[in-house]
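Numbered from 1 within each chain, the chains take letters A, B, ... in sequence-line order.
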2 protein chains.
Amino acid sequence: MERIAEGEYAVMEVLWEESPLTAAEVAERVPAERGWSLATVKTMLSRLLAKGVLRHEEDGRRYLYRPALAREDYVAEESGRLIDRMFGGRLTPLVAQLAARDRLTPADIEEIEALLKALKS
Amino acid sequence: MERIAEGEYAVMEVLWEESPLTAAEVAERVPAERGWSLATVKTMLSRLLAKGVLRHEEDGRRYLYRPALAREDYVAEESGRLIDRMFGGRLTPLVAQLAARDRLTPADIEEIEALLKALKS
DNA sequence: CTTCGTTGACTACAGGTGTAATCACTCGGC
DNA sequence: GCCGAGTGATTACACCTGTAGTCAACGAAG
């Protein structure tokens, strides 16, 4: 599976949220902080098409874009990659890491415990 | 904090494992799958120096390199970045994600439960 | 029909990255 | 004193990425 760059990811996010969309609609929905011109968004769309993670269908003289890759699949791949690289493929050290950095609230802990309990049954 | 590229990360890994080391020693210890020449490793070292994540001290006519950035700090930053981007900053969806993909063994679950229990006290 | 806005395609260009080669220097051995 | 191996510095170059500009075609409005 082709890698998706950071900026390209922002475009995918938009389309995972809502699709199909035209290039102009995607541009509207990209977070304003990016400050991208329409041209930039179009470049992203072309590159994502070339990478095969987007599809487009004709709609008159323009295209409607939609993801060709499920968000879950992408997210699973990226998470796995990070955990493999940094934690030798094991999740526990990541949890420990985050805990040590106070990234876990008591509510988070409860939630994860509940999730794990459900998994065991 | 400067970003560290994928290849550069491999060099950091070596130095986090053992330091200080000379360029040649780093090259020896980089995973063989990379198939890097010594020249490539030296380039990486220079760039990492420029980014300020490595230090070097003189040792006669060569340098000894050592990390100027703790592994924990880097790992914390990267993990946080990924979790922010893909899971809205929350860890629970990541755990759920991994669970759904069978990336969690029963042993993992036990381990994390124990960790969380310890955290609560 | 002419004009104008919209659209995809193509081109541009600087900075980062992977992957080196080459150069100049120097120290240890002869 | 000279030579070769090791060393950092400098340079190279293609591909990826962020960020557009431009162009040609086409369809709607007048």
Side-chain angles (χ1 to χ4, degrees), chain A residues 1-15 19-66 68-69 74 77-78 81 85, chain B residues 1-15 19-66 68-69 74 77-78 81 85:
Chain A
M1 183 155 31
E2 288 273 5
R3 295 305 298 280
I4 296 176
E6 153 73 20
E8 292 166 352
Y9 179 79
V11 169
M12 291 303 286
E13 273 290 317
V14 169
L15 285 162
S19 75
L21 294 177
T22 67
E25 287 166 342
V26 171
E28 279 169 22
R29 287 167 175 73
V30 166
E33 307 89 85
R34 298 260 172 190
W36 282 347
S37 72
L38 175 59
T40 300
V41 173
K42 284 184 189 175
T43 302
M44 297 286 171
L45 288 171
S46 305
R47 289 179 181 166
L48 289 166
L49 278 177
K51 289 184 178 182
V53 296
L54 278 191
R55 260 182 235 310
H56 59 357
E57 62 209 48
E58 289 188 44
D59 172 48
R61 63 198 196 80
R62 64 194 183 169
Y63 291 134
L64 295 180
Y65 299 85
R66 70 171 77 240
L69 168 68
Y74 176 71
E77 171 140 341
E78 280 314 298
R81 197 190 303 276
R85 272 209 332 179
Chain B
M1 181 156 35
E2 289 271 9
R3 295 305 299 278
I4 297 176
E6 153 74 20
E8 291 166 353
Y9 178 80
V11 170
M12 292 303 287
E13 273 290 317
V14 168
L15 285 162
S19 76
L21 293 177
T22 67
E25 286 166 342
V26 171
E28 280 169 19
R29 287 167 175 71
V30 165
E33 307 87 87
R34 299 260 172 190
W36 281 346
S37 73
L38 174 59
T40 299
V41 172
K42 285 184 188 175
T43 301
M44 297 285 169
L45 289 170
S46 306
R47 289 178 181 166
L48 289 166
L49 279 177
K51 290 185 179 181
V53 295
L54 278 189
R55 261 183 236 309
H56 58 358
E57 61 208 50
E58 289 188 42
D59 172 47
R61 62 198 195 78
R62 63 192 184 172
Y63 291 134
L64 294 180
Y65 298 85
R66 69 170 78 238
L69 167 69
Y74 176 70
E77 169 139 341
E78 280 312 300
R81 198 189 301 277
R85 274 208 332 177

Asks: Of all nucleotides in DNA chain C with an atom under 4.0 Å from a non-hydrogen atom of chain B, which is the first and which the last going 5' to 3'?
Replies: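 First-to-last contact on DNA chain C, by the 4.0 Å heavy-atom rule, is C:dT17 to C:dC27.
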
Asks: When we call it a touch if two heavy atoms are under 4.0 Å apart, what does B:Ala5 touch: a base, just sugar-phosphate, or nothing?
Replies: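 Sugar-phosphate, backbone atoms only, no base.
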
Asks: Could you state the CD-C1' distance from B:Glu6 to D:dT17, rounded to the nearest angstrom?
Replies: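 Rounded to the whole Å, the gap is 16 Å.
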
Asks: Hey, is CD on B:Glu58 packed in by over 12 heavy atoms from elsewhere, all under 6.0 Å?
Replies: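 No, not enclosed.
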
Asks: I need the full list of side-chain hydrogen bond (donor to acceptor under 3.5 Å, both in side chains) pairs touching residues 43-56 of chain B, with sequence neighbours left out, sorted by first then second residue.
Replies: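 For residues 43-56 of chain B: B:Glu8-B:Lys51.
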
Asks: Could you tell me whether A:Glu6 and A:Arg34 have a side-chain N and a carboxylate O separated by less than 4.0 Å?
Replies: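 A:Arg34 and A:Glu6: salt-bridged.
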
Asks: Can you name the nearest heavy-atom pair linking B:Leu49 to B:Leu54, along with the distance?
Replies: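 Scanning both residues, the minimum pair turns out to be CD2-O, 3.4 Å.
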
Asks: Under the rule for side-chain hydrogen bond (donor to acceptor under 3.5 Å, both in side chains), what residues qualify as partners of A:Arg61, not counting sequence neighbours?
Replies: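 side-chain hydrogen bond (donor to acceptor under 3.5 Å, both in side chains) check on A:Arg61 returns nothing, list empty.
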
Asks: What is the minimum heavy-atom distance between A:Gly7 and A:Met44, and which atoms define it?
Replies: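 That would be C-SD, 4.1 Å.
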
Asks: Please work out if B:Thr40 contacts a base, only the sugar-phosphate, or nothing of the nucleic acid, heavy-atom cut-off 4.0 Å.
Replies: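 The residue B:Thr40 makes base contact.
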
Asks: Could you identify which residues of residues 46-59 of chain A place a heavy atom less than 4.0 Å from some atom of DNA chain C, listed by residue number, or say none?
Replies: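 Those residues are A:Arg47.
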
Asks: Checking only heavy atoms, does the side chain of A:Thr43 share a donor-acceptor pair with the base of D:dA20 at less than 3.5 Å?
Replies: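 By the distance-only test, yes, there is a pair.
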
Asks: Can you tell me how far the CD1 atom of B:Ile4 sits from the CD atom of B:Glu78, to the nearest 0.5 Å?
Replies: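 B:Ile4 atom CD1 to B:Glu78 atom CD measures 7.5 Å (nearest 0.5 Å).
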
Asks: Could you list all N or O pairs between the protein and nucleotides 1-7 of chain D that sit under 3.5 Å apart?
Replies:
| from | atom 1 | to | atom 2 | distance (Å) |
| --- | --- | --- | --- | --- |
| D:dG6 | N2 | B:Arg61 | NH1 | 3.0 |
| D:dG6 | N3 | B:Arg61 | NH1 | 3.4 |
| D:dT7 | OP1 | B:Arg62 | NH1 | 3.1 |

Asks: Kindly give the heavy-atom pair with the smallest separation between B:Trp36 and B:Ala10, and that separation in Å.
Replies: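 Closest heavy-atom pair between B:Trp36 and B:Ala10: CH2-CB, 4.2 Å.
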
Asks: For B:Glu13, check side-chain contact (heavy atoms from CB on, under 4.5 Å) against everything at least two apart and list the hits.
Replies: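 Expected list: B:Tyr9, B:Trp16, B:Arg71.
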
Asks: About how many Å separate CG of A:Leu64 and OG1 of A:Thr22, when rounded to the nearest 0.5 Å?
Replies: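 It comes to 7.0 Å.
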
